[in-house]
Amino acid sequence: MEQSVHWADIYADKIIREKGPKELYTCASGITPSGTVHIGNFREIISVDLVVRALRRKGCNVRFIYSWDNYDVFRKVPKNMPEQEKLATFLRKPITLVPDTTGRAENYARGNELDVEEKLPLVGIYPEYLYQAQRYRSSLYAEQMKLALEKKSEIIEILNQYRTTPLDDSWWPIAVFSSFTDKDNTTILSWDGEYGITYRDNDLDKVETIDMRTTPYTKLHWRVDWPMRWVYEGVDFEPAGKDHHSQGGSFDTSRQVVELFGGHAPVSFQYDFISIKGRGGKISSSSGEVVSLGDVLEVYTPEITRYMFASTRPNTEFSISFDLDVLKIYEDYDNCERRYFGLLPVNDKKREQERRIYELSQVGEVPSTPSYQIPFRHLCNLLQINGGDIEAVISSFTDIKEDQVERLRTRCRCAWAWITQFSPEDFRFALAGDNDEKISLTEAENKGVKALCKKVSEWDGEDEKDLAQRIYDSAAEAGIEPTELFPAVYRVLIGKEKGPKLALFIKTVGKERICKILSRY
RNA sequence: GGGCCAAUAGCUCAGUAGGUAGAGCAACGCCCUUUUAAGGCGUGGGUCGUUGGUUCGAACCCAACUUGGCUCACCA
């Protein structure tokens, strides 16, 4: 077997080693959709996807399940949701019984789920979704809940190893939503040793006995629920955030509780958090602003989004940037691609690693040709020259191949989103139009612009050096210094004091369009 | 109080099969006969947090310590 160099392959090896040969390996991920699912949550999903792909590459048959823990309680109203007061009246109910105030879906949880389910295919991730509310409410886990009740004292013993305030016999491994109010403000009074639970609704002070096999109101507490599902689904691998992976955290207790259900803990690792950089003041916990996978995909192509996660070890923190770092990330990816296709030298040590990162970054099959690579920054300028017309920019490349067009189109959309929403002011410009108000110039500046207009129209449209000379000649002709002419020309062309290097800029825009603008003066 | 992670060039970091320390940016220099914003080439720069240990050999493994961050001990 070849030496695994990528962390995803190393974990695949570990899963096979620890779980032994199996006909089917189950890899799991999941979350409570109690608010907008953000890019930090996505790290878990893509981490599993990368390991799933690594296992499949080794010839394993793999099931990738994603659990929507949507029978959890609505504990607080996120600040980014509309109709806060209305939502507040649904606190303590399961999130599937809370209305979706954004109008997207049939309930609150579903709205948050849909955001993710719609975006994941764009980055080539196709899990099998499990909806826990539906499962619990249809009494799918009645036997498991009964078992947990039977093992209650063992569970308490495990949990008490880490608690400061120990649980006593009045604690139960299950929670009950009131059949009267749907809220979880209930107290379990007794269990009949089978499937009957007697509880009191504390709001209404009503007592009722329900059957776990025929009513939808009971569920397991998280620290019991998680290990129960490891056994139910036969989970071999499931990573978790560091809040779970601390000593005494839920992974720690679950690995003990799972034995009571007759199973073993999956292979796991701890992934670190993601931070966000360069969104100005837009992101802060107080405003409730969160960055979702969809937000990231507006600025980063699917491949580059995958690349950021595939090229970073999961237990290190990193930030996703919306500032100038975007240029660097694109450049890094382009270099990685060039190395993959042998267009850039790379030493032996790094080659295999880079190859693997590139493969894992692809949404689907690895393309047979590299992208039509244009530096991101240059692409931003081209788009601005064309007023954001993506098709015009694409059709200006005569040597682009058929299978490169769609990838370039995606990159154009991202570049345009970045330049218009996140780039520094210095990067932005718009070419002057026919109906724009004319810029006021001094007599000498006007003379220089006129001279330049003439000289550009006589230029061959190709020789950049010749064009540069013509700019300096124009300044001399008008009797001003080049450093005076440049700002004047920039003002005329793009309404700013400075801009992209002028000669190349004029060449890129084309002499006809430049002359048309200059000739107004 | 327990646990986890980080500390490497001015800055941001890479460096998990122990084998002479790397990249990008910044700086400096040169070229493109001359831009403030997209070019090219080159140069300098590090006691790898500290102290011990293992080893022929340690940024890497072990122990202790220093500093910073995170997390659990509520809930999920």
Side-chain angles (χ1 to χ4, degrees), chain A residues 3-7 10 30-35 69-76 92 94-95 132 159-167 175 184 219-226 240-254 269-273 275 277 311-319 321 324-325 327-329 331-332 335 346-347 349-350 352-354 374-382 384-385 423-429 464-465 468-469 471-473 475-476 481-490 494 496-505 507-508:
Chain A
Q3 179 64 42
S4 296
V5 293
H6 192 274
W7 61 263
I10 292 169
I31 197 182
T32 302
S34 59
D69 297 344
N70 53 9
Y71 206 35
D72 290 345
V73 182
F74 190 46
R75 298 174 65 229
K76 69 175 188 198
R92 304 315 311 183
I95 52 179
Q132 299 303 338
L159 298 183
N160 279 350
Q161 290 170 2
Y162 304 98
R163 294 181 63 95
T164 42
T165 52
L167 301 169
D184 73 341
K219 67 172 295 237
L220 289 166
H221 285 304
W222 166 245
R223 282 180 188 244
V224 187
D225 174 60
W226 200 20
K242 51 190 185 182
D243 46 339
H244 296 297
H245 262 290
S246 236
Q247 190 174 62
S250 55
F251 190 87
D252 222 25
T253 54
S254 292
F269 63 70
Q270 171 185 316
Y271 57 85
D272 213 313
F273 295 147
S275 57
K277 199 162 151 267
S311 62
T312 310
R313 279 199 313 277
N315 65 344
T316 55
E317 188 179 342
F318 74 99
S319 51
S321 293
L324 284 175
D325 288 355
L327 305 180
K328 180 177 155 41
I329 300 291
E331 198 176 309
D332 287 350
N335 284 335
V346 56
N347 62 45
K349 215 170 175 180
K350 223 178 156 189
E352 197 48 39
Q353 175 90 18
E354 289 270 301
I374 304 170
F376 196 75
R377 184 173 191 157
H378 185 54
L379 187 55
C380 288
N381 286 339
L382 291 175
Q384 292 188 94
I385 286 167
S423 71
E425 181 56 32
D426 274 4
F427 279 72
R428 302 184 193 183
F429 65 82
E464 203 181 311
K465 234 181 234 181
Q469 191 56 51
I471 298 168
Y472 292 104
D473 290 348
E481 291 298 317
T483 50
E484 295 176 77
L485 180 61
F486 279 112
V489 174
Y490 285 126
I494 60 176
K496 301 177 74 162
E497 290 295 317
K498 47 186 178 175
K501 288 230 176 196
L502 193 54
L504 181 55
F505 185 60
K507 184 180 171 184
T508 307

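Chain letters run A, B, ... following the sequence lines, proteins first and then strands; every chain starts at 1. We use all heavy atoms of the structure for the numbers below, so side chains are in, but hydrogens, waters and symmetry mates are not.
- Among the candidates A:Trp222, A:Phe269, A:Tyr271, the single residue satisfying the ring pair (Phe, Tyr, Trp, His ring centres under 6.0 Å) test with A:His244 is A:Trp222.
- For A:Gln247, the side-chain atoms get nearest to B:G3 when compared with the rest of B:C70, B:G3, B:A38.
- Listed candidates were B:G3, B:A76, B:A38. Nearest to the side chain of A:Trp222 is B:A76.
- Using P as the reference atom, B:G10 and B:U50 are 14 Å apart when rounded to the nearest Å.
- Listed by first residue number, the stems of RNA chain B with at least three Watson-Crick or G-U pairs below 3.5 Å are B:1-7 with B:66-72, B:10-13 with B:22-25, B:27-31 with B:39-43, B:49-53 with B:61-65.
- Taking every side-chain heavy atom of A:Lys242 into account, B:C70 is the closest of B:C70, B:A37, B:C74.
- Atom name P, nucleotides B:A6 and B:A14: the rounded distance is 9 Å, in whole Å.
- When distances are taken from the side chain of A:Lys219 to each of B:C72, B:A76, B:G24, the shortest belongs to B:A76.
- Taking the C1' atoms as reference points, B:G3 lies 33 Å from B:G46, given to the whole Å.
- Taking the C1' atoms as reference points, B:C5 lies 34 Å from B:G44, given to the whole Å.
- One finds a side-chain N or O of A:Arg163 lying less than 4.0 angstrom from the OP1 or OP2 phosphate oxygen of B:C74.
- Comparing B:A26 with B:U12, their P atoms are spaced 15 Å from each other, to the whole Å.
- A distance of about 40 Å separates the P atoms of B:G19 and B:A73, rounded to the whole Å.
- Here the closest heavy-atom approach between residue A:Pro424 and residue A:Leu324 is recorded as CG-CD2, 4.0 Å.
- Across all strands shown, A:His244 has heavy atoms under 4.0 Å from base atoms, whether or not it also approaches the sugar-phosphate.
- Close to B:C75, at under 4.0 Å from its OP1 or OP2, lies no side-chain N or O of A:His221.
- Side-chain atoms of A:Asp473 and A:Gln469 include a donor-acceptor pair closer than 3.5 Å.
- A:Asp72 and A:Lys219 are joined by a salt bridge, as a carboxylate oxygen and a charged side-chain nitrogen come within less than 4.0 angstrom of each other.
- For the pair A:Tyr71/A:Ile95, no side-chain contact is recorded, criterion being any heavy-atom separation below 4.5 Å from C-beta on.
- A:Trp226 has its ring centre no less than 6.0 Å from the ring centre of A:His221.
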Interface polar pairs with nucleotides 32-36 of chain B, N/O, under 3.5 angstrom:
from  : atom 1 : to       : atom 2 : distance (Å)
B:U33 : OP2    : A:Lys465 : NZ     : 3.2
B:U33 : O4     : A:Gln469 : OE1    : 3.1
B:U34 : O4     : A:Gln469 : OE1    : 2.5
B:U34 : O4     : A:Gln469 : NE2    : 3.2
B:U35 : N3     : A:Tyr490 : OH     : 3.3
B:U35 : O4     : A:Leu502 : N      : 2.3

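- Each of A:His245 and A:Phe505 lies near RNA chain B, and the nucleotide nearest A:His245 is the one positioned closer to the 5' end.
- Counting any heavy atom pair closer than 4.0 Å across all strands shown, A:Asp72 reaches sugar-phosphate atoms only and no base atom.
- A straight line from CD of A:Gln161 to C1' of B:G3 spans 15 Å, rounded to a whole angstrom.
- Separating the NE2 atom of A:His6 from the C1' atom of B:A17 is a distance of 17 Å, rounded to the nearest angstrom.
- As rounded to the nearest Å, B:G53 and B:A58 have P atoms that lie 12 Å from one another.
- Between A:Leu159 and A:Leu167, the shortest heavy-atom distance links the atoms CD1-CD1, 3.8 Å.
- OP1 or OP2 of B:G15 lies within a sub-4.0 Å distance of a side-chain N or O belonging to A:Arg313.
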For side chain to side chain donor-acceptor pair (under 3.5 Å), just list the numbers for A:Arg223 and A:Ser250, CA-CA rounded to whole Å, side-chain angles, deciding distance to a tenth of an Å, and then say yes or no. CA-CA 6 Å; A:Arg223 282 180 188 244; A:Ser250 55; 5.5 Å; no
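- Within a 6.0 Å radius of NZ in A:Lys76, other residues, nucleotides and ligands contribute 12 heavy atoms or fewer.
- Here A:Arg223 reaches the OP1 or OP2 of B:A73: one of its side-chain N or O atoms lies under 4.0 Å away.
- Taking the C1' atoms as reference points, B:U16 lies 34 Å from B:A76, given to the whole Å.
- Rounded to a whole Å, the CG atom of A:Asp325 is 12 Å from the C1' atom of B:C11.
- Which of B:A73, B:G3, B:A76 sits closest to the side chain of A:Thr32 comes down to B:A76.
- Using a 4.0 Å cut-off, some side-chain N or O of A:Thr165 falls inside it from OP1 or OP2 of B:C74.
- Residue A:Lys277 comes nearest to A:Ser319 through the heavy atom pair CD-OG, 3.9 Å, listed as atom of the first residue, atom of the second, then distance.
- Residues A:Ile494 and A:Phe429 approach most closely at CG2-CD1, 3.7 Å, considering heavy atoms.
- We find that CG of A:Asp225 is positioned 10 Å from P of B:A76, with the value rounded to whole Å.
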